[in-house]
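Worksheet: one structure, shown below.
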Amino acid sequence: MGEYVSLKEAMKHSNIYTKLSLLIFGFGNFIHGQIVRGLLFFILEVAYIVYMASFGVQSLINFTTLGTKTQQEVFNEVTQVYEYISGDNSMLFLLYGVVTIFLTLAILICAVLSFKSGYEAQRMKELGKKVPKFLDDLRSFKEGRLHIAFLTFPIIGIVLFTIVPIVFMICIAFTNYDHLHQPPGNLFTWVGLENFKNMFSMSGGLASTFLPVLTWTIIWAIASTFSCYILGMLLALLINKQTTKFKSFWRFLFCLSVAVPSFVTLLTMRSVFNTNGPMNVLLRDLGIIGKTSAIPFFTDPTIAKITIILVNIWIGVPFTMLTTTGILQNIPKELYEAARVDGAKPVTIFRKITLPYMLFVTTPYLITTFAGNINNFNVIFLLSGGGPDTLEYYYAGKTDLLVTWLYKLTITQKDYNLGSVIGILVFVILATISLLTYRRTNAYKDESSFQ
C-alpha cells in the first residue's frame with residue numbers, strides 16, 4: 001500500500017489520534033476514514049481483553065505456580081466408598097500459560113500494526129492522496145500484497161503446531177515433571193537449572209550416562225555419514241566409468257534396494273545377525289566358529305556398534321550413489337580431458353577435480369545427513385534396541401543415541417524433564433555444528449564457483 005515506515009519515524013510524526021491507536025486499536029483508522037479496518041483492529045483488542053479477563057490472567061498466575069491443589073482421596077459417607085477429588089493439572093497450566101504468552105505477544109504486534117496503519121492513513125491524508133478503503137485493501141491482497149495473503153495461514157500453523165510445542169517442551173526442562181510428579185494426580189513445579197546441573201554432574205548426576213552416549217552419538221554420526229558418502233561416490237564413479245558395461249542394469253539393481261523400506265531391511269538384518277540367526281548358523285556350518293559358539297553381533301558393545309555401522313552402510317550407500325550420479329554427470333568433461341593431456345593420474349584427477357566439485361555441491365547435503373544421523377532413531381531402535389543393556393548407564397544401552405535415550409526416558413520412564421533437557425542439548429549441538437561447518441565451506445563463501 002505504501003513505502004515502509006519505521007516505528008521510530010511514525011512515533012515522531014504521528015498526531016495524537018494516531019498515537020491513541022496503541023491503546024485503542026484502530027482509532028487512527030476510524031479518524032481517517034478507514035472504518036472497517038479500524039473495526040477489525042478494535043475487535044481483536046476487545047477479544048483479547050475478554051480472554052484475559054475470563055481466562056488469561058488466571059492462566060498467567062497458574063503458569064507461575066503450576067498449581068497448588070493436589071488430587072485428594074476422600075470417603076463418601078453416603079456411598080460408603082472412597083472418591084477422588086480432582087486437583088490442579090500442572091501440565092495444562094503450563095500449556096495455557098505458554099499459549100497466553102504467545103497471544104500477548106501477538107496482541108502487542110497487533111498494537112504496532114494498528115499504530116502504523118493509522119499513521120499510514122494520516123500521512124496519505126496529509127499528502128492529499130486517497131485513503132484506501134476496505135475494498136481497496138481486499139484488492140491489494142490480490143496484487144501487491146499477495147504474498148501476505150498466501151503466507152498468513154502457514155505462518156499461523158507453524159506458530160501453533162511447531163513453535164508453541166517447542167516452547168512448551170523447553171519449559172518442561174525447567175520443571176521436575178517426571179514419573180513421581182505426573183499430572184493429573186500429582187503436581188510438578190519449577191526447578192530452574194536443576195535438571196541441567198544434574199545432567200552434567202558426575203557425583204550422583206547423569207554425566208556418567210550423558211557423556212558416553214553423546215560420544216557414541218557423535219562417532220556414529222561421523223562414521224555413518226562419511227562411510228555412506230565416500231562409498232556411495234566411489235560406487236557411482238565405478239558405474240559411470242566408460243569401461244563399465246550394463247550401467248542401466250547396475251543402477252536399476254541399486255534402485256531396487258532403495259525401494260525396499262528401511263524398516264524392513266533393519267528388521268531382517270536383526271534376525272540375520274541374531275545369536276541363532278542365519279549368519280551364526282552359516283559360520284558354524286562352515287567351521288569358522290564352534291558348533292556351540294556364536295558371534296555376539298548385538299550383545300557385545302564394540303561388535304554391536306560395528307555391526308550397526310555396517311548395516312547402515314548397506315542401507316545408505318545406494319541413496320548416496322543415486323544422489324552423486326547426477327552430480328558426476330554434470331562435471332564438465334573438458335576438465336577431465338585437460339587433466340589427462342597434462343598427464344594427471346586417476347587418483348590426482350579424483351583429488352583435484354572430482355572431489356572438490358562434489359564437496360562444493362554436496363556440502364549442504366552432508367550437513368543435513370549428519371544432522372539426520374544424530375537423530376537417526378530407526379536404525380538403532382529397530383536393529384539393536386539400544387542394547388546391550390548395562391547397569392552403568394541410567395536407562396540407556398551401550399548403542400543408544402541421545403534420541404533413543406530420550407525416547408526411553410519419556411515413553412518408558414516418564415522422566416519428561418530429563419527428556420526435554422536432552423532435546424534442548426541435541427538442538428544446541430546440531431545448530432552449532434551445522435552453522436560453524438557450513439559457514440566455513442566454499443559452498444557458503446564462494447557461491448559463484450562451479451557455475
Side-chain angles (χ1 to χ4, degrees), residues 1-63 92-168:
M1 293 296 293
E3 62 181 17
Y4 174 78
V5 179
S6 66
L7 182 61
K8 182 178 180 180
E9 181 183 349
M11 288 294 294
K12 181 178 180 181
H13 299 289
S14 59
N15 56 35
I16 185 63
Y17 302 110
T18 303
K19 286 185 172 65
L20 280 175
S21 297
L22 289 169
L23 297 177
I24 305 175
F25 292 2
F27 189 78
N29 298 107
F30 278 118
I31 293 298
H32 300 299
Q34 294 180 318
I35 305 300
V36 178
R37 187 191 292 193
L39 185 61
L40 291 176
F41 277 121
F42 184 69
I43 290 174
L44 287 175
E45 182 179 23
V46 171
Y48 175 76
I49 292 173
V50 172
Y51 168 81
M52 292 299 292
S54 59
F55 188 76
V57 174
Q58 187 60 46
S59 295
L60 293 177
I61 295 173
N62 294 336
F63 179 76
L92 293 181
F93 284 178
L94 179 60
L95 176 60
Y96 295 154
V98 170
V99 171
T100 303
I101 291 173
F102 270 89
L103 289 176
T104 302
L105 293 175
I107 209 66
L108 291 176
I109 295 174
C110 286
V112 175
L113 293 177
S114 171
F115 169 68
K116 295 185 71 172
S117 177
Y119 175 70
E120 183 181 358
Q122 171 197 324
R123 189 176 58 171
M124 296 185 73
K125 200 170 184 179
E126 291 172 349
L127 294 174
K129 297 181 179 180
K130 178 187 175 183
V131 178
K133 303 296 182 181
F134 182 66
L135 292 179
D136 298 321
D137 293 335
L138 292 180
R139 293 190 191 97
S140 71
F141 283 112
K142 295 195 300 182
E143 299 171 0
R145 296 195 290 179
L146 183 63
H147 61 289
I148 297 178
F150 279 115
L151 290 176
T152 298
F153 289 105
I155 289 175
I156 293 175
I158 290 173
V159 171
L160 290 178
F161 300 109
T162 301
I163 297 179
V164 171
I166 288 175
V167 174
F168 178 77

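In this chain, numbering begins with 1 at the start of the sequence shown.
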Can you check whether Cys110 reaches Glu45 side chain to side chain, under 4.5 Å on heavy atoms? no

To the nearest 0.5 Å, what is the distance between OG (Ser21) and CZ (Phe41)? 8.5 Å

Do Ile107 and Phe25 come close enough that some side-chain heavy atom pair is under 4.5 Å? yes

Please find the pair of heavy atoms, one from Thr100 and one from Ser59, that lie closest to each other, and give the distance. OG1-CB, 3.5 Å

Phe63 versus Ile101: any side-chain heavy-atom pair under 4.5 Å? yes

Scanning both residues in full, the closest heavy-atom pair of His32 with Gly118 reads CD2-O, 3.7 Å

Can you tell me how far CD of Glu120 sits from CE of Met124, rounded to the nearest 0.5 angstrom? 6.5 Å

Is there a side-chain contact between Phe102 and Val167, using heavy atoms and a 4.5 Å cut-off? yes

Who passes side-chain hydrogen bond (donor to acceptor under 3.5 Å, both in side chains) against Lys19, sequence neighbours left out? Ser14

Roughly how far, to the nearest 0.5 Å, is CD1 of Ile24 from OG of Ser114? 10.0 Å

Separation between CZ (Phe161) and CD1 (Ile156), nearest 0.5 Å, reads 10.5 Å

Distance-only side-chain donor-acceptor flag, Asn15 / Thr18, under 3.5 Å: yes

Heavy atoms only: give me the nearest Lys125-Ile31 pair and the separation to one decimal. NZ-O, 3.8 Å

Enclosure of Phe168 CZ (heavy-atom neighbours >12, cutoff 6.0 Å): yes

Ring center gap for Phe55 and Tyr96 short of 6.0 angstrom: yes

Measure the spacing between CG of Leu108 and CG of Leu113 and express it to the nearest 0.5 Å. 11.0 Å

For His13 and Gln122, the nearest pair of non-hydrogen atoms, with its separation, is O-NE2, 3.3 Å

In this structure, are over 12 heavy atoms from other groups packed under 6.0 Å from Tyr51 atom OH? yes

Sub-4.5 Å side-chain heavy-atom contact between Leu60 and Met52: yes

Give a yes-or-no answer on whether the side chains of Thr104 and Tyr48 include a donor-acceptor pair shorter than 3.5 Å. yes

How long is the straight-line distance from CD1 of Ile166 back to CD1 of Ile158, given to the nearest 0.5 Å? 10.5 Å

Compare every heavy atom of Gln34 with every heavy atom of Pro132, then report the nearest pair and how far apart it is. O-NE2, 2.9 Å

Using the side chain to side chain contact (heavy atoms under 4.5 Å, CB included) rule, take Met11 and Leu22 through it: C-alpha gap first, then chi angles, then the decisive distance, then the call. CA-CA 10 Å; Met11 288 294 294; Leu22 289 169; 4.0 Å; yes

